[in-house]
Structure formats: C-alpha cells, structure tokens
Amino acid sequence: MATTAQRPVLPAPGAAGSGPRIALPAWGRVLALLGAVLFILAVTRSVSGAHDLTSSGAAGATLRLAVPIMLAGLSGLWSERAGVVNIGLEGMMVLGTWAGAYVAVDHSWWWGILAGIAGGALGGLLHALATVTFGVDHIVSGVALNLLGPGIARFLSALLFTGRPGGGVTQSPQVNQPGTFTVPGLAPALRSVEEKGWFLVSDLAGMLGGLVTDVSWVTVFAVALVPLTLFVLWRTPFGLRLRSCGENPHAAESLGVNVYRYKYAAVVISGGFAGLGGAFLSMVASNYYREGQTGGRGFIGLAAMIFGNWRPGGLLSGAALFGYTDALQLRQGETSVHALLLALALGLAAFAVWMVVRRRFVAAIAAALAGAGTLAVYLLSDSVPQQFTSATPYVMTLLVLALASQRLRMPKADGQVYRRGSAG
Amino acid sequence: MPAATSRFDPRRFDPRRFDPRRFDPRRFGLAAAAPVMAFVIAVLLSSVVLLIAGHPPLTAFTDMISYGTQAESVVNILNKSSGYYLSAVAVAIGFRMSLFNIGVDGQYRVAAMIAAVIGAAVTLPAPLHVLLIIVVAVVVGAAWAGIAGLLKVYRGVSEVISTIMLNYIGGSSLVPWMLTPAVFAVLNNNIVKTPDIPTSGWFPGITVPGGEIYGFIVISALVGVGYWFLLGRTRFGYDLRATGKSEPAAQASGVDVKRMVLWSMLLSGGVAGLVGLPLLLGATHSYGQDFPSGIGFVGIGIALLGRNNPIGMAFASLLWAFLDQSNGILDLDGIPKEIVTIMQGTIVVAVVVAYEVVRRIGVAGEQVRVAAALGGEASGGTPPDGTGPGGGTAPATAGGTAPATAGGTAPATAGGASGTGAA
C-alpha cells in the first residue's frame, strides 16, 4: 500500500539532478564573460603598469597552479555527487604526491602518475570503507584520513627515501618528470604579438601564449578530465545513478541501484582524482616529493567546488580564479596583486551597471559601494602584503557562501550516512 | 530486563529507572570496548608495519614505555596533554551540539598571538596580568569562531567549510602577517617573535623531580570540570545536547536553536583560545614562528577517542602526548619515529569504526530485548499496535528501528534485515 503511494514520487530524484541547467552555460555567455574579464584586466594593466597581469608567464603559472586545485575540486565533486563528503581528500592528495614520486624516482613518469592515482584511490577506498560500510560520519573519517595520510607518507619516506641521494624523511630524490610541449607556430606568433604591447590584442595573445607554451602532457590529460567528468556524470546512465545516490539514496535503492557499490565507485574515483592532483604536484609542478607539498590545496579544491556550485564548469572557473591569484604572487607579487584591487573595483563597477540594467537596485548599490571601497584601498596603499593574497581563495569562498548561499545547491543527501535497507 | 517483561503501567513508572546516567554495566562495557579495541588494532597494525620494515615491534614498544615513563618524559607528557585536553574540550563542545568546529587550530593560533602581543604591551600586577591574557585569549578565540557561528546562523553556511577557511585565513595569513617586524613582531638574533611577556604575566609552574609542570594544567582540569558541569548539570547544557540530538525536537520544546548554535560556537572558540596558553604562559612567553600548529586537529582525534567524555578525553590526551613524547627514543634504535603518527591516525580511524560497530551491536541487542518484551506483551493479550508498547522502556533507538523491521519495507530492501540486525 505504501509503495503505490510512493510510485509517482520515485522518478523525481533522478530527474532533479539532471535538469536542463546542469550542462555548461551557453558558450556565448562564457565567452562574453571571459571577454569582459580580459578587457578589465587589460584596462588595469595599462593603467597600473603591472604588465604581469596578462603576461604569458602569468598565464602559464596559472595553468600549472590551477590544475591541482581543479583535480582536487573534481575529486570532491565525484564524491559529493554520490553523497559522500570528502574532506579527507587533502590526505589522499598527500598519498598521491608520495606514491607518484616514489615510483617515478626509478621508473618512467607514466608509472609515477599511475602510482599517484592508485595511492589516492587507496585513501578513497579507506574513506569508502569507513563511511559507506561502517557508517562513520563523513567529516570524522575525513579528518582521520587527513591525519593518517601525512603520517603514512612520512613514515614511508623515513623508510624508503633516507640514504638515497637527495632523499630524506621529508623529501624524495629527484623524479623523472613528464615531458612538455610547445605548440609550434602558434606559440612564437602569439609571443611576437604579445611583445607589441597593443591594448587588448597583446593581452589576449599573452594569456593564450601562456597556455600553449611548455605545457605538460599531464596538464592536457588533467584538463580533459573536466569535460569527461561532465559527460560521465551527466550524460551516462552510470552518472545518473551515481548522482541519484547523492540526491536520494532511498529512492535510488528502490529503483534497483546498488547504492553501496555506486558510493564505493564514486569515492574511489574521487581518491584517484585527488591522487592525480598530488602526483601532479610532486612530478610536474616540482621534481621531487616534499613534506607539506599539498599546502592545503585539497581544501582549496573543495572551496573551488563549492564556488562552482557542485558543477564541473563552475569548479573550473573557481580553480582558474584561485590559480590566477596564486600565480600573480609569483609574478611581481606585491605590484600585481595590488593592481588586482583595481581590476576588482572595475569588475564591481561593471557588475553594478549590469544590476542597474536588470533593475536590481539594492544589489547595484551594494556592488557600487564595495567597488568604491576597493578603489579607495587601491589608491591609499602601495602594495598588498603577500600573506593576504594567499588568503584570497578562502576569503572568496566565505564571501560566495555568505552572499550566494541561496543560489548554491549541494546534492540533497550530501554528507548523510546511508544504510542499506533503511528506507521507510 | 525485569521491568520490561511486565506491561507498561504509568502508575508504576519510575523515572529514575530510565535515567540515562544510571550506571549500566552493559552500556559501560560497550563504551569501554571501543577505545580498547581501537588501541589494540593500532598496536597490531603498527607491529605489522614494523615487522615488514624489518624492526622488532616488541623492542620498539618496550623502549617507548621505558623512555616514556622516565620523570622528564612524564613532565613533558603532562605539559603537552594540558593543551591537547583543552583542544579536545573545545572540539567536544561542538560535537555535543552536532557542530564540527574544525577551526580550533586557527582559533588558538590567532588567540595566542594576540594574547601574547597584548600581554607584552601592558604592565599589571601578577594575577591581573595573567587574568588579562587569559581573557584576551578567550575573547579572541570566541570571536574568531563566532564568525563561523554568525555565518551559519544568518547565512546558512556550513561550519565545516567556514572553519576550514578561517583556519587558513587565520593560521596562514593573519598570524604570519602579524608576525612580521612591520606589524607586531621583533627581530631578535634572527628569530622573529613577539616581544616577551614580563614575568608578572607568567603562570607559575609546579616544580617536580623531572622538571617543571605548567601551572596552567590546573586551568585545563578546571575547564574539564566546567565542561562536565555545564553540559551535564545545567539547563543550557541540556538544551545544547538536545539540539545536537534533534534540532526540530529541540525547537519544538522551546529551544532557540539559532541562539544555541551561536553560543556553542562562541563557547567552543573561547575554550579553543586557551589551547596555546599552557605553552605561552608556562614556557615560551612569546609567540614565535616555532609556536606549534596542528593542536586543533589533534583535539579532534582526542575528542573522538575520548568520546566527548571529560574523563575519557583526559586519558586520550595523555595517551596522545605519551605517544608524541616516547617516540623520541625510536630514532636511537634506528626505527623511524614516524610510526607513531601512523599509530595515532590508525587509532582515530579504528576508534570511530569501533564505536559505530559497538553502537550497532548495542542497538541490535536492544532490539532483541525490546522484541522479547513486546513479544511477551503480545502473548499477554495486548494488540501489537496498541498505545502501550515502548511507552517508557523503549529509547529513541528502538522506537526508530522497530517500524523498519516490522513495517512493509521488505520489497525494496533485500538487505533490509542485514541493515538493522546483522551488525
């Protein structure tokens, strides 16, 4: 009798996650937004003279720094879409950095990357075991993994790296790095345009040039994982079922989905992504494993995922933003980041105008005031202390959560312990 | 058992019988089994790891015990555990309310930093000086945690995320920025640290054969007592625990949940503010780059291990500090001392799993008892769906699970029986 009453409700959870708005926003809107951002940066560059804002060097650094954040974000996405909160991905990343470096010291980088993925996946398996099989609280298990990951890495380093050339308790010997490539023809052409110093055109050339110069093959692979994730999670039956476990596991179960199996798959894949992000850090971004190498990137990845509203496209923009602010610190940090304040003020002003057009005057006034405040800070100071720029991702996340929490929607059953057969 | 076999009779109902605080050997046995189990698993696992690495585990453990029980080690263990304990209490206040204050780490660092700066800047007679530093630390810790509390109450931001972000903003940006010569720090012999707190702001220690025990350990113990009293013996504590168990139920009984969230976050942060003080007031008297970080995360492990119980957490923090201290000997044996980090991590993972397993065993046992009691009733002539069953004897667990097994869920749940009964 209860089942007949439930029947009409059942298809809803599956459909809820796969609404028409899930797919990437229309290409036109994305391009328009990117164009606006580039324009603001170009204006800022020519006004402030901080030429690194749009240089190919900054773009290249952004790419290198954004990839691990993006992978961590994808890791969180896979797990949370199946309803398992994964704050242990920092620990899984550490396992990835270590495993990748360990194998790549003696073997080719290809094996190192695979080992990194496997190391992270192992951490994911542990998380799945605790949260899915034993029903341990997801946060608790994640915290435990974050304690365990660095412990294991340190112990194994003491055991296996000490006594080897360059190795020790806190670092590994040098590893075999993956190769890089520069797009022939295109890269030199863009570079020559960048050097001309034409407004906007050279800025665009600089940004694009950075993305096609000295790119690691692993970077290409990693970036390709974003559309792949989008496709698998939103365009295949497997993805639909996986997401249904994150939205309403009881309904999924009643439709014959083996919720435990899907959660296991999701969390292990999530660990693999985190491990790949870790291996990227120890093998591409640098050429050896070092303790503390992840530097909280797992958490920044989570922040990027939330920033992106639990979607691949949004996550990518979050990772790019955080990677960009990170990169600017390396490129004449204090000047560049200071100039970024001006860009922020301009951006807020543009947003205010847009809000006026949309007739949302409260938002417009708020944005205008914030913009004016930022401009005042820009004019009254000479530089931004380096310590504050490193806080950008975290402050941004808090702001986004505080201001837009109504527009964010996480998977409905995210973080809830699910037990097989507990559906009423 | 004896009461359960008879039918429920409100006239004979004795509330004392159902006092959850009443000592119940079965309950106690189950509660103690989990940490012991976890510790044994951790020892076994690290033994296996040591064996694989080619080191005799027995030597390692006996060396650790003999080194860890020397007078000097004991002093260090006590000193370390005083901070660990405070951190665990701070985390536990949140846990009891179903709030995850992962931000203890940031809270105590910001608090200790500002307390050190203010403590060095003022001149006051001894007791007032110490008091001022303590108050400053509590207020700063509470304020830093309060940001997360406000965000949760007014904007619905999960405290897990916001405290993680605040950890980084505080620990990796604000404190390092304040710790530059341009702001608060001084450069002394190439060491960057805050100015020294004058002797009037030191907390007197207790001199024993092995060295000096931080006097602040007394405050830690008092905080533990206060935690026990506040949560177990006051209306506020009752409301807090009730909110942690079921927010809607607490709201229905007149608890202002938003206020409770904010207050427990402030309380948790206030205690977190104290975490750095044993060290600051007892030994370093200034905040430098080598001021320890990560105690907030240790506190999470200890609170889990000690099950939010004031006594349990005391033992857990002593154990944790013992492991931290006694690993010093391992390097002399040529054994990587990092094995201890693995042990600590394993203990935490094992203990949470063990608690869950034990809880399921407890629930299953209770179900059997309740089923037996109800069965007895049914045979006595009461219809199974009467108003009587469960009245006073069945706690929430039985009430929640019984319908699942009895009701019509069978078709969808082939594993239904194993879900509730098998563990």
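Letters go in sequence order (proteins before strands), and every chain restarts at 1.
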Using atom types as modelled and distance alone, determine if a side-chain donor or acceptor of A/R154 lies under 3.5 Å from a backbone N or O of B/I342.
no
For B/V160, which atoms come within 4.5 Å of any heavy atom of chain A: side chain, backbone, both, or neither?
side chain
Please state whether the side chain, the backbone, both or neither of B/S172 comes within less than 4.5 Å of a heavy atom of chain A.
backbone
Within 6.0 angstrom of A/Y260 OH, more than 12 heavy atoms from elsewhere
yes
Side chains of A/F155 and B/V49 in contact at under 4.5 Å (non-hydrogen atoms):
yes
Pair count under 4.5 Å, heavy atoms only, with chain B: among A/I300, A/T162, A/V143, highest is A/V143
Let me know if A/L156 has heavy atoms under 4.5 Å from chain B in its side chain, its backbone, both or neither.
neither
Separation of A/D137 CG from B/Y355 OH (nearest 0.5 Å)
15.0 Å
Mind checking whether B/Y168 and A/Y394 have parallel, tilted or perpendicular rings, split at 30° and 60°?
parallel
Quick check for you: to the nearest 0.5 Å, what is the distance between B/I147 atom CD1 and A/L398 atom CG?
8.5 Å
Need one label for A/V169: side chain, backbone, both or neither, based on atoms under 4.5 Å from any heavy atom in chain B.
side chain
For a quick test of reading the model, state the closest non-hydrogen atom pair linking A/V136 to B/E356 and the distance between them.
CG2-CB, 4.4 Å
What is the distance from atom CG of A/L147 to atom CD1 of B/I347, rounded to the nearest 0.5 Å?
11.0 Å
Here the gap from A/L399 atom CG to B/M165 atom CE, rounded to the nearest 0.5 Å, amounts to 12.0 Å
B/K152 NZ: over 12 foreign heavy atoms closer than 6.0 Å
yes
Heavy-atom proximity to chain A below 4.5 Å, by part of B/L151:
side chain
Roughly how far apart are B/I161 CD1 and A/I87 CD1, rounded to 0.5 Å?
8.0 Å
If we define contacts as heavy-atom pairs under 4.5 Å, which of A/L159, A/L302, A/L160 has the most with chain B?
A/L159
Would you say B/V357 and A/F134 make side-chain contact, with heavy atoms under 4.5 Å?
yes
Taking all non-hydrogen atoms of both residues, which atom of A/G151 and which atom of B/T341 are closest, and how far apart?
CA-CG2, 3.6 Å
Do you know which of B/L166, B/V352, B/V351, B/V348 has the most heavy-atom pairs with chain A at a distance under 4.5 angstrom?
B/V352
With chain A as the partner, which of B/P176, B/A182, B/S173 has the greatest number of non-hydrogen pairs under 4.5 Å?
B/S173
Highest number of heavy-atom pairs under 4.5 Å with chain A: which of B/V175, B/L150, B/I300, B/V340?
B/I300
Step by step, work out the side-chain contact (heavy atoms from CB on, under 4.5 Å) result for A/V140 and B/F100.
CA-CA 9 Å; A/V140 167; B/F100 272 98; 3.8 Å; yes
Between A/G256, A/A144, A/A130, A/G415, which residue shows the highest count of heavy-atom pairs closer than 4.5 Å to chain B?
A/A144
Smallest heavy-atom separation, A/L148 atom then B/T346 atom, equals CD1-N, 3.5 Å
Side-chain heavy-atom pair A/I139, B/I102 within 4.5 angstrom cut-off
yes
About how many Å separate CD of B/E338 and CD of A/E291, when rounded to the nearest 0.5 Å?
8.0 Å
